[in-house]
Number of protein chains: 2
Amino acid sequence: MAMRFTLARASTRPQRTQLLNPLAIASCVQHPARPWRRCISTAQSEAATPKPAVKFTSESYPSLKRDSRFAQLTADHVNHFKQLLGSAAVLDAVTDEAVSDEVDGFNSDWMRKYRGHGKLVLKPGSTEQVSQILRYCNQHKLAVVPQGGNTGLVGGSVPVFDEIVINLGRMNQVRHFDDVSGTLVADAGCILEVVDRYLADRGYIFPLDLGAKGSCQIGGNVSTNAGGLRLLRYGSLHGSVLGLEVVLPNGTIVNDLSRLRKNNTGYDLKHLFIGAEGTIGIVTGVSVHCPQRPKAVNVAFLGLESYDKAQQAFREAKGQLSEILSAFELMDGGSQEIVAEVTKNRQPLDDKHPFYCLIETSGSNSEHDSAKLEAFLESVMAKEIVSDGVVAQDETQVKALWGWREGVPECIGHWGGVYKYDVSIPLKEMYQLVEDTELRIREAGLLGDTDDYPVVAVLGYGHMGDANLHLNVGVRRYDERVERVLEPFVYEWIAEREGSISAEHGLGLAKKKYIGYSRDGVMVGLMKQVKQLYDPNGIMNPYKYI
Amino acid sequence: MAMRFTLARASTRPQRTQLLNPLAIASCVQHPARPWRRCISTAQSEAATPKPAVKFTSESYPSLKRDSRFAQLTADHVNHFKQLLGSAAVLDAVTDEAVSDEVDGFNSDWMRKYRGHGKLVLKPGSTEQVSQILRYCNQHKLAVVPQGGNTGLVGGSVPVFDEIVINLGRMNQVRHFDDVSGTLVADAGCILEVVDRYLADRGYIFPLDLGAKGSCQIGGNVSTNAGGLRLLRYGSLHGSVLGLEVVLPNGTIVNDLSRLRKNNTGYDLKHLFIGAEGTIGIVTGVSVHCPQRPKAVNVAFLGLESYDKAQQAFREAKGQLSEILSAFELMDGGSQEIVAEVTKNRQPLDDKHPFYCLIETSGSNSEHDSAKLEAFLESVMAKEIVSDGVVAQDETQVKALWGWREGVPECIGHWGGVYKYDVSIPLKEMYQLVEDTELRIREAGLLGDTDDYPVVAVLGYGHMGDANLHLNVGVRRYDERVERVLEPFVYEWIAEREGSISAEHGLGLAKKKYIGYSRDGVMVGLMKQVKQLYDPNGIMNPYKYI
């Protein structure tokens, strides 16, 4: 059971032995092996009907037109690739309609929101093959989409029209590991979870973790500058990636696979490719500095009266937990009620609170960490910053508490759909966006408890430690009136506060046209210069990014 | 006094009350306010004679010729700048020879190794002024050298010929600090130590520390991607810098001063300017994520039998001290004997050891940290990884122990000069470079105890935690025979092991021609492309870098 930590007004209450129902929620917790495995599926699967085909992106975005600079794929092209890679590494629906369905799987994203018309999937087995593919495509003006685990949220990893998919999945070997320095060098197509297990066996940890770890690939992580759950502790990939191997659109292999933490020898070009979403090259190899794996993990779940108190708690946690603080997640009351409603689980705390925080510590000494966490909790209770809370007593409860955070994105989609915004906002004003958005939707008469209203709830949750808010508007049905109320309102609101319209999900297709809300004309101009420099034919992941 | 930690063979020895002489060494410890203040000065100052003028770089490097693309400075140019900035912000030896000596100070580096022929120093007070200066210089083909605290070690921050010095020292204001997130935004000309004190008052710490903190400026730190003492704990500036304000050579002001930890909106161009050494723009503002300041700092000083044991100790320290390990420094026996000889201080440990390590922990709970350190020390003693050691009992002793590490670079120069190499090498082979170099010099008959031999000692020390070795060859006099034995041998040795010829000091003028040992032709070609893109007239810090 979870141990309720001492608090004056609760001291006379009996401890609940069934405070949490870990098993009920455990299946939706932590890193589903496949990101598209829906964890809160009971209610949905009961009502499940065969899924309709995903709408083509070209239909959802009718203003997008195929770029006529690009050549049309021919049987000659396909034959060239078969000779280059071997037939087994080429999935060809250009000349063989029988594999159309299989190819379609590489055309659609896991959210079933984007779908391209691609006819060819190439699966290179080496950096040299990637180089030969790109050189040929560049010469023949064939557009391509680099694809890792295809777990992105912004439509960046699937074609829009007939771009060739270059899937890195076959390049999945660890090339080198140094168990003194913790430096790992691996192929881009390695699955994040596989690499993390490899490291766990050696006492190390990959400095990145995210829900899709069972499918996503480290090359894709780097190419999208994935943020995730460990950023608060281990920082961004710009800090932990030591080197990259990249193939440029013209086929040039850039060998910058440094295994050194310090290397001040010229412009650090690898950073251009971290977060470039495959628009100026394909990452084929990654060298990363891996930290020591923590031996002890503790999790506390707190109820708070206000967002202001949540900020105070964060400040206190940074001060008191300092080097062992590994996550500080925020969930508003509405988000937790929805998880409870969908999962039918009892919430970790007896009473309702306007805000909840999940705090995780990771360290090398369990006893010390527990002592620090207890002292912290006593202190924030005494200062009346936190109203109530529980601490997980074992790993099952750790997972269960995490489930109340990680279950939100799934549960909010329960009623039909979700408008999702992944944004960064300076902490002081971060949650205000949720309140302002809810007010706006309510005033527009779109939010209510019955089917007359499209909007079910406006929720906020996210990585408070990184000032990264997920604003979710759960709807019964997609409705243009809701969209008009939300956009450009949300983007303007963020721009006024110098926030970011894309904290960790990237631009892809979804946010290409909104970059101006987070970057000024000078910046966008400089970015286009870089794109032009590396990819003058524009073959790399077209229609997206900037 | 320093407490000797328990070790079997030493248990019967009395504890020395005067084991350390903190005051004697303290003055050379930790961050001299001015980097050119020589800390081990007694012997030297006794024999001091007026210093000869620094040799002009153009004489030391006779193959360097002034680039005839650049215009010659005229009185008209100078008048333009005086109108732009006000006369007080212009140090003009073009039309006024009376200030030649003052201008000379901006022409010479603190090592007195490089000296330019510059006649004009501009001290802009705002980003807008920097922009106007650069736009004018670019239009008129006037070459410039951006200059921060001028504490570099590779000749990057002073002119070679008649380049205009643009000194950022007047831009020294903190612009913004968020005490919840720890985000600091400040002018590039802020002194590192001043900023760190500002942060200390608020419970935070700058994620970078280095010996020159009393003089160096954060804009220069960013522009050289300074590494320093806290990298092991807080990572590189690529991870902690959140945003930059940069003026491009054509005067364009790039406002990328994000205060967000997550911001995936396009190519992350700021990284191009981190470590660019002022060759493609001038950093005028910095946004940086600052960690919580540790409350407890402990330092241990260990003696070890071999480099292999030092590696084992590092591995153990990472495992057991993990999140509180903030420094793991290596010093070889020779380096410590030289510090003892020059300072006349008694070494921290009774016996001589081939290697010494300095371990620092920083955390939020003194008791926990001490317990972890003690447990670590007991364990490495029991495993016979460490032969002997002491732990500092108070801040004075912390400084004193650090003195044995930080005093090395000064002491090794005691006999006349030093050939210095700041390199990164994969840990397993790192120290081998020192042994191979010493053998080579000894075999060449250049190393000995009398004046007949130019070389006094070949030493290795450095940031073991970052695989960053400082190879120092102390000499009685500079001698071309020594240079020929050292180069290109050292660079070839490093290249064979995929090390870096410049770990943290940068390229500047000193290493421009050696970049090929750490970067291949493709990489250098891509770098030149970037230089050409941003600075087509080549006015920024010419003759240096790549």
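Just so it is clear: chains get the letters A, B, ... in the order the sequence lines come, proteins before strands, and each one is counted from 1.
Most heavy-atom pairs under 4.5 Å with chain B: of the set A:Ser322, A:Gly319, A:Gly227, this distinction falls to A:Gly319. Annotation: maximal heavy-atom pairing with chain A below 4.5 Å, among B:Met527, B:Gln529, B:Met464, occurs at B:Met527. For the set B:Ser362, B:Pro291, B:Gly266, B:Ser258, the count of heavy-atom pairs under 4.5 angstrom toward chain A peaks at B:Gly266. The choice from A:Thr252, A:Ile425, A:Leu269 that makes the most heavy-atom pairs within less than 4.5 Å of chain B is A:Leu269. Across A:Asp422, A:Ile253, A:Leu427, A:Asp256, the residue that shares the most heavy-atom pairs under 4.5 angstrom with chain B is A:Asp256. For chain A, the option among B:Ile324, B:Val254, B:Asp179 with the highest count of heavy-atom pairs below 4.5 Å is B:Asp179. When the candidates B:Leu507, B:Leu260, B:Thr265 are compared by the number of heavy-atom contacts under 4.5 Å with chain A, B:Thr265 comes out ahead. Comparing A:Gly239, A:Ala503, A:Ser500 by heavy-atom pairs within less than 4.5 Å of chain B, the highest count is held by A:Ala503. Considering only heavy-atom pairs separated by less than 4.5 Å from chain B, the leading option among A:Lys512, A:Lys318, A:Lys511, A:Glu277 is A:Lys318. When B:Ser236, B:Gly363, B:Gly275, B:Ser240 are compared by the number of non-hydrogen pairs under 4.5 Å with chain A, B:Gly363 comes out ahead. Among B:Arg293, B:Arg259, B:Arg519, the residue making the largest number of heavy-atom pairs under 4.5 Å with chain A is B:Arg519. Ranked by heavy-atom pairs shorter than 4.5 Å toward chain B, the options A:Val423, A:Ile280, A:Asn365 are led by A:Ile280.
By the 4.5 Å heavy-atom criterion applied to side chains, A:Asn263 and B:Ser424 are not counted as neighbours. Considering only heavy atoms from C-beta on, B:Thr183 stays 4.5 Å or farther from B:Val288 through its side chain. No side-chain heavy atom of B:Ser366 sits less than 4.5 Å from a side-chain heavy atom of B:Asp369. You'll find the side chain of B:Arg261 reaches within 4.5 Å of the side chain of B:Leu242, heavy atoms only.
Heavy atoms closer than 4.5 Å to chain A are found in both the backbone and the side chain of B:Leu526. Neither the backbone nor the side chain of B:Lys270 comes within contact range of chain A; no heavy atoms are under 4.5 Å apart. Contact of B:Tyr267 with chain A is made through backbone and side chain together, with heavy-atom distances under 4.5 Å. Heavy atoms closer than 4.5 Å to chain A are found nowhere in B:Leu237, neither backbone nor side chain. For B:Tyr204, the part sitting under 4.5 Å from any heavy atom of chain A is the side chain, from C-beta outward, and nothing else. Looking at A:Asn468, the atoms closer than 4.5 Å to chain B (heavy atoms on both sides) all sit in the side chain, from C-beta outward. Of the atoms belonging to B:Ile515, it is side-chain heavy atoms, and not backbone ones, that fall under 4.5 Å from chain A. For B:Val180, the parts lying under 4.5 angstrom from a heavy atom of chain A are both the backbone and the side chain. Neither the backbone nor the side chain of B:Ala467 comes within less than 4.5 Å of any heavy atom of chain A. In this structure, chain A has a heavy atom under 4.5 Å from the side chain of B:Tyr534, while its backbone stays farther away.
Side-chain atoms of A:Asn255 and B:Asp520 form no donor-acceptor pair, as typed in the model, at a separation below 3.5 Å. Side-chain atoms of B:His368 and A:Glu367 form no donor-acceptor pair, as typed in the model, at a separation below 3.5 Å. Under 3.5 Å, the side chains of B:His271 and B:His238 contain a donor-acceptor pair of N or O atoms. Judged by distance alone, the side chains of B:Glu323 and A:Ser364 do bring a donor and an acceptor atom under 3.5 Å apart.
Atoms CZ and CG, on A:Phe376 and A:Leu321 in that order, are 5.5 Å from each other to the nearest 0.5 Å.
In this structure a side-chain-to-backbone donor-acceptor pair under 3.5 Å is present from B:Ser518 to B:Ile501.
Between B:Tyr491 and B:Tyr514, the two ring planes are parallel [angle under 30°; tilted spans 30° to 60°].
If you look at B:Phe314 and B:Tyr307, their ring centroids are not closer than 6.0 Å.
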Go through the steps for B:His463 and B:Glu504 under the test side-chain contact (heavy atoms from CB on, under 4.5 Å), then give the verdict.
CA-CA 11 Å; B:His463 314 292; B:Glu504 57 180 7; 3.2 Å; yes
